[in-house]
Q: 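Take a look at the following structure, please.
Sequential numbering from 1 along the given sequence is applied to the chain's residues. What you see is a predicted model; the values in this text were computed from it and never measured.
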Amino acid sequence: GGTRVTVTGTGFIGTPDTMCRIGLQQATAMVVSESMVHCFAPASAVAGNLSVYVSNNGQDFEGDRRTVFLYGRTTQGIRAVPSTGPVVGGTSVTVVGSDFVLAPELRCWFGQSAVLAAVINETAVSCVCPAVSEAQVVQLAMTHSSLLPAADAALIGFRYVPVAEIERTYPSSGPEAGGTLVQVIGTGFEHGLTGCLFGTRRARIGQIVTSSLMDVHTPASSRGGTVMVRVLHTDGASQASHGGAEFSYLQAMTIERLE
């Protein structure tokens, strides 16, 4: 309960008897103008859509089944997959919990910023994290309205990390068969990286040595030539918007004889 519901219409009068009714429960009303009133939803033991009515005298209520308010169950024990993403935003995050209901106002809150969420099923929703100005940890919460999360809302940490940048690779070439151990040099290699893309081929990270150095083994290439090396974050999205490096695939070497 406690959510402020804005009702628009005509003929609202601010009297001591003005009140709202949500379902069968009375609710406090605050008349803003003759065309707008705020109703403050009481607590409800059940979840679902309930009709909203308004009365100027506490006896005669106006409203219909089309004006409904959705009571959502309190989401418990949420977790995010992945729980990290780059500061540029755009990471698709699956929030796993319980009692998610389909609602047009369902939102994921990343700190003070809210984005619309899509219900996958009763235990999972999907949302795309917004961009932030710097690396930080924010509280992630779910709401069924555009209002800030309640004080007792389930919260988890979501870590924003710097965008990884690739400056160069050593060596910068290798055979088309793949398997070359390559040192990737750049910045931001500390969190949330799962691999590199050599062109369109994925290479798994062997070891993140420091925040500016990681080892990978090149994937095989069927076309050869020069490709761009990009970073893969935890959500599988490539990130190399602030830098990149080229890697050249070479035809297999053949030694025929010694003289």
Q: Does one side chain, of T94 or S126, offer a donor that lies under 3.5 Å from an acceptor on the other?
A: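 Result is no, nothing qualifies.
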
Q: What residues form a side chain to side chain contact (heavy atoms under 4.5 Å, CB included) with R204, not counting sequence neighbours?
A: none

Q: Given side chains that start at C-beta, do those of P86 and T91 come closer than 4.5 Å, heavy atoms only?
A: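 Yes. Closest side-chain heavy atoms under 4.5 Å.
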
Q: For A29 versus V37, what's the shortest heavy-atom pair and its separation?
A: CB-CG2, 4.0 Å

Q: For S212, give me all partners under side chain to side chain contact (heavy atoms under 4.5 Å, CB included), at least two apart in sequence or on another chain.
A: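 Applying side chain to side chain contact (heavy atoms under 4.5 Å, CB included) to S212 gives T210.
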
Q: Quick check for you: to the nearest 0.5 Å, what is the distance between I166 atom CD1 and M228 atom CE?
A: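 One finds 8.0 Å between CD1 of I166 and CE of M228.
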
Q: N57: what forms a side chain to side chain contact (heavy atoms under 4.5 Å, CB included) with it, not counting sequence neighbours?
A: S55, Q59, D60

Q: Could you tell me which residues satisfy ring-ring contact (aromatic ring centres under 6.0 Å, His included) with F158, sequence neighbours excluded, listed by chain and number?
A: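 Residues passing ring-ring contact (aromatic ring centres under 6.0 Å, His included) with F158: F110, Y160.
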
Q: For the pair R168 (side chain) and Y170 (backbone), establish whether a donor and an acceptor sit closer than 3.5 Å, ignoring hydrogens and angles.
A: no

Q: Could you tell me which residues satisfy side chain to side chain donor-acceptor pair (under 3.5 Å) with S33, sequence neighbours excluded, listed by chain and number?
A: S35

Q: Among all residues two or more places apart in sequence or in another chain, which pass the side chain to side chain contact (heavy atoms under 4.5 Å, CB included) test with E134?
A: Q136

Q: Quick check on E34: does its CD atom have over 12 non-hydrogen neighbours (other residues, nucleotides or ligands) under 6.0 Å away?
A: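 For E34, atom CD is not crowded (no more than 12 foreign heavy atoms under 6.0 Å).
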
Q: Rounded at 0.5 Å granularity, tell me how far CD in E246 sits from OG1 in T169.
A: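 Between atom CD of E246 and atom OG1 of T169 there are 9.5 Å.
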
Q: May I ask you to check whether over 12 heavy atoms, not counting those of Q26, lie within 6.0 Å of atom CD?
A: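 At most 12 heavy atoms, drawn from other residues, nucleotides or ligands, come within 6.0 Å of this atom.
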
Q: Give a yes or no on whether V7 and V31 share a hydrophobic cluster (residues Ile, Leu, Val, Met, Phe, Trp, Tyr; joining criterion: side-chain heavy atoms under 4.5 Å apart).
A: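 As far as the 4.5 Å side-chain criterion goes, V31 and V7 are connected within one cluster.
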
Q: So, the side chain of R107 versus the backbone of A117: is there a donor-acceptor pair under 3.5 Å, distance only?
A: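 Flag not set: sc R107 to bb A117 has no pair under 3.5 Å.
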
Q: Apply side chain to side chain donor-acceptor pair (under 3.5 Å) to T15 and list each qualifying residue two or more places apart in sequence or on a separate chain.
A: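 Here the qualifying residues are T18.
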
Q: W109 versus V115: any side-chain heavy-atom pair under 4.5 Å?
A: no

Q: Determine, step by step, whether Y53 and I22 satisfy the side-chain contact (heavy atoms from CB on, under 4.5 Å) criterion, reporting the C-alpha distance in whole Å, the side-chain angles of both residues, the deciding distance to 0.1 Å, and the verdict.
A: CA-CA 6 Å; Y53 303 89; I22 300 179; over 6 Å; no

Q: Would the distance check show the side chain of N56 and the main-chain N or O of I13 forming a donor-acceptor pair, the cut-off being under 3.5 Å?
A: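 Judged by distance alone, yes, a pair lies under 3.5 Å.
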
Q: Any heavy-atom pair between the side chains of M142 and V95 that's under 4.5 Å?
A: yes

Q: Is there a side-chain contact between C196 and M214, using heavy atoms and a 4.5 Å cut-off?
A: yes

Q: Is there a continuous path of hydrophobic side-chain contacts, each under 4.5 Å between heavy atoms, that joins I156 to V81?
A: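 I156 does not cluster with V81.
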
Q: Side-chain atoms of residues 177-187: list all donor-acceptor pairs with protein atoms under 3.5 Å, sequence neighbours left out, distances to 0.1 Å.
A:
none

Q: For the OG atom of S222 and the CZ atom of R201, what is their distance to the nearest 0.5 Å?
A: 4.5 Å

Q: Applying a strict under-4.5 Å side-chain criterion to I, L, V, M, F, W and Y, I'd like to know whether V163 and V132 cluster together.
A: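 Looking at the clustering, V132 is in the same group as V163.
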
Q: Grouping I, L, V, M, F, W and Y whenever their side-chain heavy atoms are under 4.5 Å apart, do V231 and L213 come out in a common cluster?
A: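 No, separate clusters.
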
Q: Work out which heavy atom in C20 is nearest to a heavy atom in T28; give both atom names and the distance.
A: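 Smallest interatomic distance, heavy atoms only, reads SG-O, 4.2 Å.
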
Q: Can you name the disulfide bond (SG atoms under 2.5 Å apart) partners of C127, sequence neighbours left out?
A: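 C127 satisfies disulfide bond (SG atoms under 2.5 Å apart) with C108 only.
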
Q: Between I205 and F189, is there a shared hydrophobic cluster once you connect ILVMFWY residues whose side-chain heavy atoms come closer than 4.5 Å?
A: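 In one cluster: yes.
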
Q: Would R230 and F198 count as a side-chain contact (heavy atoms from CB on, under 4.5 Å) if you check the C-alpha gap in whole Å, the side-chain angles of each, and the deciding distance to 0.1 Å?
A: CA-CA 7 Å; R230 303 179 183 276; F198 283 71; over 6 Å; no

Q: What residues form a side chain to side chain donor-acceptor pair (under 3.5 Å) with S172, not counting sequence neighbours?
A: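 Per chain and number, S172 pairs via side chain to side chain donor-acceptor pair (under 3.5 Å) with no residue.
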
Q: Under the rule for side chain to side chain donor-acceptor pair (under 3.5 Å), what residues qualify as partners of H217, not counting sequence neighbours?
A: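 For H217, no residue satisfies side chain to side chain donor-acceptor pair (under 3.5 Å) once neighbours in sequence are set aside.
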
Q: Mind checking what makes ring-ring contact (aromatic ring centres under 6.0 Å, His included) contact with Y249, not counting sequence neighbours?
A: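 Partners of Y249 by the ring-ring contact (aromatic ring centres under 6.0 Å, His included) criterion, ordered by chain and then number, come out as F247.
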
